[in-house]
Number of protein chains: 2
Amino acid sequence: MTYCLGMLLDEGLLVASDSRTNAGVDHIATFAKMHIFEEAGERLIVMMNSGNLATTQSVISLLRMRTQLKDEESILTVKTLYEVAELVGETVREVVNRDSDGHLSASNVDYGCSFIVAGQIKGEEPRLFNIYPQGNFIEATKDTMYFQIGESKYGKPIIDRVIRRDTPLAVAAKCALISFDSTIKSNLSVGLPIDMLLYRTDSFAKAIPHRIDAEDPYFRRIRQDWGKGLRQVFSKLPDASWFDE
Amino acid sequence: MTYCLGMLLDEGLLVASDSRTNAGVDHIATFAKMHIFEEAGERLIVMMNSGNLATTQSVISLLRMRTQLKDEESILTVKTLYEVAELVGETVREVVNRDSDGHLSASNVDYGCSFIVAGQIKGEEPRLFNIYPQGNFIEATKDTMYFQIGESKYGKPIIDRVIRRDTPLAVAAKCALISFDSTIKSNLSVGLPIDMLLYRTDSFAKAIPHRIDAEDPYFRRIRQDWGKGLRQVFSKLPDASWFDE
């Protein structure tokens, strides 16, 4: 499993991903799920993946190889993030078709994967896409300004409670860490470290994701204070009055 | 979907269920999912169901009809709650086999269902069972003293944070309502009213579930104060320090 989160806010973009990959509980490894494609001052594209690791790695590798080919369209040459999403979707279909054909198809393996694609290309606002295993995709809007892929349920309530379009990025980062903490607590297949990137609209600055592990002092503080705060709020609520009255 | 919750605590049992049933988003109805079988002063058995409504209704109907047959073993005559769980499991298998045979089996319908069985029979401590769609079952222990069936993820983190074996029933009721609130907020197929029953060990009192709808003043207060409290705790946490430093 996996947990990846992308938010499109007034200030810019937040993307975050865990880094645990497992094929059974006795086959666990750490793989970064955040992939960055950029041209300084012109475009930033961040892709995060969940699902079959072979498929997602191949999709990323093919997309990256094709940015090297001079005469071919690639995610570094197309003019809009919409076209980037199209290219990712096409590549997903291409890899799934390749790997699920012939002798592999009988093995009942799920080759599917999902991607979150976030970024900005000069001339456009920042945009955020969710690409389905079928290769089609949806875009975030003012009403639905975040996407989750992978194990999304445990970490959703806090986002729904506090995030609005105008939430500052530094506050959204705090919320994202709480969302990851809840997920990691409840699902063994989601694990540290977390990679997080905050991108301010129109900055086109070099993207350096922040890596957060169990020793990260800010994350430790957030986890601790949040847990303590919740228990305090809970203990202050009145007990059920209709029992033993 | 459905959300049902059973807890086995030092003080006794807590059971709670929502009451929404849906077959598609345009076919929504209210069905109580809490079924009580009792003999005053001698036994209390509460069953809650999730899954195929036709199957669960038939299971409950058959179990109830068989309590009327003089010479047959029924959930009102067996001596332990373990045997009650066995009878429920057998009946689940019986109904699924009956309904999925022949012409219905081709229709790709999921006949499966799960039950939580909670209660106390004189001579035993209170016990809590989770019966799977296959008819086998597990029992709650000191380590794992609660079961959820249906849409369990959204409402799980708060239980894990605050419930221990020695949590008083009135406090557990508060926690259960927060757990239901989180689930109802996030999943349209879980809906009010909630039926909740608190049972004090060895009381064998007449079981009268408390029905909680949107107008219930205690539930309203809990929802409101919890949401407000969470946002306050959140706003007091420091923002991400490593951004824009």
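Each chain gets a letter, A, B and so on, in the order the sequences are listed, and its residues count up from 1.
The shortest non-hydrogen separation linking B/K174 to A/D239 is NZ-OD1, 3.2 Å. In terms of heavy atoms, A/S182 sits closest to B/R161 at OG-NH2, 4.2 Å. In terms of heavy-atom proximity, B/A240 sits nearest to A/Y218 at N-OH, 2.9 Å.
Of the listed residues (B/M196, B/H210, B/K185), the one with the most heavy-atom contacts under 4.5 Å to chain A is B/H210. Here B/R221 is the residue among B/R221, B/R231, B/K228, B/K156 with the most heavy-atom pairs under 4.5 Å with chain A. With respect to chain A, the highest number of heavy-atom pairs below 4.5 Å among B/V171, B/D225, B/I158 belongs to B/V171.
Around atom CZ of B/R211, more than 12 heavy atoms belonging to other residues, nucleotides or ligands sit under 6.0 Å away. Other residues, nucleotides and ligands contribute at most 12 non-hydrogen atoms within 6.0 Å of the CZ atom of B/R220. More than 12 non-hydrogen atoms from other residues, nucleotides or ligands lie less than 6.0 angstrom from CD of A/Q134. Residue-environment remark: CD1 (B/I138) exceeds the threshold of 12 foreign heavy atoms within 6.0 Å.
Both the backbone and the side chain of A/F234 come within contact range of chain B, with heavy atoms under 4.5 Å apart. For A/S235, the part lying near chain B is the backbone, with the side chain staying farther off; criterion is any non-hydrogen pair under 4.5 Å. Contact of A/Q232 with chain B is not made at all, since no heavy-atom distance falls under 4.5 Å. With a 4.5 angstrom heavy-atom cutoff, B/I212 touches chain A only via side-chain atoms. Residue contact with chain A, scored on non-hydrogen atoms closer than 4.5 Å, involves the backbone and the side chain of B/P238 alike.
Between A/K153 and B/S152, the closest side-chain pair of non-hydrogen atoms is not below 4.5 Å.
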Stepwise side chain to side chain contact (heavy atoms under 4.5 Å, CB included) test for B/L230 and A/V162: CA-CA 9 Å; B/L230 283 198; A/V162 304; over 6 Å; no
